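All values derive from a computational prediction rather than experimental measurement. Atoms within each ligand, like the ligands themselves, are counted from 1 in listed order.
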Amino acid sequence: METMKKTIILLFALCWIIGPKNHNLFAASEKFELKTSEATLTIDQKGNLKVVQNKGQIVQINASINNLWKITLKNNLNNKEYQFAPDKNFTIEKSGNVFRLIVSTFSAENKTLPVKAEFTISVKADAFCFSGSLKSDSGEWIFKELEYPCLPGIFSNNKNISIYWPQGLGTCFNDPEVFGSRSLWYPSAMGGAMQWFSVNSPDAGIYIGSHDPSQATKVLNLSFTKPDKAFTASITSPIYGNDFQIPDMMVKSYIGKWYNASKYYRGWYDKNFKTFRSADWVIDDSGWLLAILKQQNMEVMWPYKDIDKLCDIADQFNLSTIGLFGWAVGGHDHLYPNYPPDNLMGGRIELKKAIERAHKRGIKIILYANGKIMDTSTDYYLYNGIETIVLKGNKQPDIQYYIKQKNSTPVIFAQACTGSEVWRRTMFDLGLQAVSLGADGILYDQLGVMLPELCFSNNHDHHPGESDSRYRLQMIHEISQKMKEINPGFIVMTEATNDAIIREIDYFHGWGLGTAEAQNAFPELYRYTFPELLATQRNPNPMITRTEANFAAIYGFRHEIESRYPGDVEYLLHGTLPTAGSYANVAGPPSLLSQMSLVPAEEATKYVHLLIEFEKLNQDFFRHGKFIDQEGIEITGSNVVAKAFLNGNRVGVVVWNKNEGARNEFSVSVPGYQLKNATEPGKEKVDASSPLNANTVRLFVFEKNSL
Ligand SMILES: [Zn+2]
């Protein structure tokens, strides 16, 4: 690290000597200025870059063009890397409303490199747009990465700050110190599911987002520094190439709540991507029962003929879909990507017949496949691995271990790259198999979850150093299109969502922040931006608590029950409460006994059934309504949550009293709308003004006043 610092200092010194000197950028009285409807950006003669909001004169950004960017160049011959920052090695041009910063002096290894960079600042779509291009005319020197724009001094004189950060389905931090310093790799649910974030004071905000229609991998950075009580933001683009067109990095000042930032991003998204809609049956789906038929240690819990019993259980909960995991020879998380039906569990014919019987009962069946990993013990890895795996920068595989039982040897997987045509074909064939077995869909696990790992393989469709994220979309598209030709109702699922794949995935298995209650989780962020999202809650238990069921309902998530271990099977079949011993050999997180012991299985099941019935009765909102969070809704009361769904001239507001033990007074209204009725699960009519019972949801239907 110390050596790196010295190198950078030395480079700056060289640049100072070689580069043109721009001590004063403009004449003394002159400054560069750009305006949007809400803010002004100025660059003064010292290079100070400020964004000031028009109303209230709030300084939203206090930066400098003297540290606006960082470039890392790599010498391909000796693999050495050099970092560059502006210092004084640039010239500027102002033409019309474009501020241009041109850098033509890059020196390293005692020579001037044939490398140029140009950065522009302009106004686009009522925001400040930071763009530009990088070019290296040398085969020897490539751009490794660019960090730009680097914007310190964000909200330096405001106190009440909320940070909206797109990890998982979203997070919200009201304490900048708790937020600290964070980075997210986009696109992935494990990292950033969208390429924007916002920092808000109570009535104004600043939006920072990449408007890159290629949705290429990038890193969103935001950190809070205590001394100046300000944030520093930047976006890092991995490049590994000679040319780079910097996508529009947008900085937008706005008045009001975070909804405005979300709408701004969605407005851009809609201009660049087609509209999308899932299959009708998914929109009306109530949720799924996920069952691992055979575990990693080859223990069979549900042979194919017992799919009938799974249908019985799904019916008890009012769930209309079953996801079969561990349904093939190797069991769960073993022998991927080999998924032949298992003769031990009944064989192919038995499986097909069981699926047909499920269909007769109106239950859909989804088959599991993993879209991202292969078991290294398979012939597939041995013979196809070099063509299909992600190769990291050191040309080694990306290895993951999965272990389900403490007394088993961990199974070793290598990450596959969807940039490999061979891998995409393998996944395609699994789709065809699922169709031929009569399934209603296939779930390719991990496509939405996994970080966009940079892959340096020379065998893939991407260039070395690019992640496979855009090929994940391509793979899903190729499979979905073909399978829907054969069976129009056939769907493609994956675990976890992000906005690079949402338009090709029909149904998401919930994963990560926001799919269950968690500190700082703020699923409103993604749900509001992408109200089309169809996802299950994440509930890795054979029962759903009343709290988790209500949580899912107010966000419009579909419900989930999981059967993963023998203790779960006993509970689901007979209502037998497992003991800690039931999960003693489980290596991962066991089912939560504390939750399962809250109420008898029958009672818990009944509530989920009743709640889903309530959602079906009010499908105009829970299934077909557009999630609008609390926009335009007025709610008072403590520990009550209200979420609204818009449908035509009506708004359904679902209010949840989160108190576990006490009734709660509250009020809800929608200005410009009139209350039509109020209902609760199992109660067709309730007094709208009566207090809400503990841990209870109530739906208020409002209709727009006629003019
Ligand atoms: Zn690759």
Side-chain angles (χ1 to χ4, degrees), residues 72 74 76 79 81 142-146 184-192 195 212-219 236-244 247 336-338 369-376 378-402 412-431 444-480 492 494-496 498 500-501 504-505:
T72 306
K74 186 176 176 223
N76 259 342
N79 279 328
E81 294 175 5
I142 59 163
F143 296 98
K144 182 193 175 198
E145 64 180 30
L146 166 73
L184 288 178
W185 280 73
Y186 167 86
S188 68
M190 196 180 273
Q195 45 184 340
D212 175 7
S214 75
Q215 298 185 295
T217 300
K218 46 192 69 66
V219 188
T236 306
S237 303
I239 301 170
Y240 290 94
N242 286 83
D243 292 293
F244 186 62
Y336 299 164
N338 302 328
N370 196 303
K372 279 301 282 173
I373 54 172
M374 67 189 81
D375 185 338
T376 58
T378 57
D379 279 359
Y380 187 92
Y381 175 78
L382 187 61
Y383 300 119
N384 298 303
I386 192 59
E387 283 193 75
T388 54
I389 62 170
V390 165
L391 282 183
K392 297 195 292 187
N394 57 10
K395 294 292 173 106
Q396 290 181 4
D398 181 52
I399 295 296
Q400 303 171 16
Y401 303 85
Y402 290 99
I412 303 169
F413 293 88
Q415 187 182 168
C417 179
T418 55
S420 156
E421 195 187 343
V422 179
W423 181 258
R424 292 200 302 273
R425 181 72 213 183
T426 303
M427 295 296 108
F428 183 90
D429 289 345
L430 291 173
Y444 292 102
D445 205 8
Q446 296 193 339
L447 290 176
V449 177
M450 298 290 287
L451 294 174
E453 179 89 39
L454 303 183
C455 175
F456 292 82
S457 171
N458 292 312
N459 297 316
H460 299 165
D461 294 344
H462 58 76
H463 73 261
E466 189 183 350
S467 87
D468 76 343
S469 58
R470 66 192 164 111
Y471 296 93
R472 296 185 198 182
L473 183 76
Q474 183 181 325
M475 182 177 93
I476 299 161
H477 175 75
E478 287 165 358
I479 295 168
S480 184
V492 174
T494 191
E495 186 185 37
N498 65 64
I501 56 170
E504 294 285 353
I505 292 282

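Once rounded to the nearest 0.5 Å, the distance linking CD1 of Ile501 with NE2 of His477 reads 15.0 Å.
Minimum interatomic distance between Pro247 and Asp212 (heavy atoms only, all atoms of both residues): CB-CB, 3.6 Å.
Inter-residue side-chain proximity for Asp375 and Tyr380 is flagged as unmet; no heavy-atom pair is nearer than 4.5 Å.
Classification of the Phe456-Tyr240 ring pair by plane angle, with boundaries at 30° and 60°, yields perpendicular.
Each protein N/O/S atom under 2.8 Å from the Zn ion (ligand 1) was counted, for a total of 4.
Between the side chain of Ser420 and the backbone N or O of Glu387 there is at least one donor-acceptor pair closer than 3.5 Å.
Within 6.0 Å of the CD atom in Glu421, the count of heavy atoms belonging to other residues, nucleotides or ligands does not exceed 12.
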